[in-house]
J.: 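Take this structure first; my questions come after.
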Amino acid sequence: MWISICYLGIEAEAENAIGEVVETVTFDDYVFCDQKSIRMSEFYQAATTDYKPSITLTLKQADYADQRYIRFEDEIYTMIRTYAVNSEDIEVVLERGIKHGDASISDESVG
């Protein structure tokens, strides 16, 4: 257990080359996680919405601070929902890509 690593995305505002303020996401912090498949019920419930769940990750609740974006295995995911598994662990349901926002990606601090 806890054999994978994911990076938690931190949102910030930055100025681009032409002076506009844009939302950016950097992935500085990494945490250990476990990957799980999407539950069939989750998949079918999402079919009635705009969301397309891709994976579920289990993290320690102490490591997660409501980040909206996660990088896992060279893919960027957007948070759909979270729920507590027990007093220490949380499961996060993610969909591939940056969704429901105008954030751009910054890879400078992934390491």
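Note that the structure is a prediction, hence the values are computed from the model and not measured.
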J.: How would you list, by chain and number, every residue that makes a salt bridge (charged side-chain N to carboxylate O under 4.0 Å, His left out) with K60, sequence neighbours excluded?
T.: E88, D89
J.: Within the side chain of T78, is there an N or O that forms a donor-acceptor pair under 3.5 Å with the backbone of G97?
T.: yes
J.: Answer yes if Y69 and F32 sit in the same cluster of Ile, Leu, Val, Met, Phe, Trp and Tyr residues linked by side chain heavy atoms under 4.5 Å apart, and no otherwise.
T.: yes
J.: Please report the interatomic distance CG(D29) to CD1(I10), rounded to the nearest 0.5 Å.
T.: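 Going from the CG atom of D29 to the CD1 atom of I10 covers 4.5 Å.
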J.: Please list, chain by chain and in numerical order, all residues satisfying side-chain hydrogen bond (donor to acceptor under 3.5 Å, both in side chains) with Q35, sequence neighbours excluded.
T.: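 Counting only residues at least two positions away or on another chain, Q35 forms no side-chain hydrogen bond (donor to acceptor under 3.5 Å, both in side chains).
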J.: Which residue in the set T24, V25, T26 passes side-chain contact (heavy atoms from CB on, under 4.5 Å) when paired with E11?
T.: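 Result for side-chain contact (heavy atoms from CB on, under 4.5 Å) with E11: V25.
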J.: So which residues get pulled into V31's cluster when ILVMFWY side chains under 4.5 Å apart are joined, directly or through others?
T.: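 Other cluster members: L8, I55, L57, L59, Y64, I70, F72, Y77, M79, I90, V92, L94.
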J.: If you take all heavy atoms of T56 and S37, which pair is closest and at what distance?
T.: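 Answer, listing the atom of T56 first, then S37: OG1-O, 3.9 Å.
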J.: Write down the atom of K52, the atom of E95, and the distance for their closest heavy-atom approach.
T.: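 It is O-CB, 3.0 Å.
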J.: What distance do E91 atom CD and N86 atom CG have between them, rounded to the nearest 0.5 Å?
T.: 9.5 Å
J.: Spell out, as yes or no, whether a donor-acceptor pair under 3.5 Å connects the side chain of Q67 to the backbone of A65.
T.: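 Answer holds: yes.
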J.: State which residues pass side-chain hydrogen bond (donor to acceptor under 3.5 Å, both in side chains) with D74; sequence neighbours excluded, sorted by chain then number.
T.: none
J.: Can you list everything that forms a side-chain hydrogen bond (donor to acceptor under 3.5 Å, both in side chains) with E20? Sequence neighbours excluded, please.
T.: N16
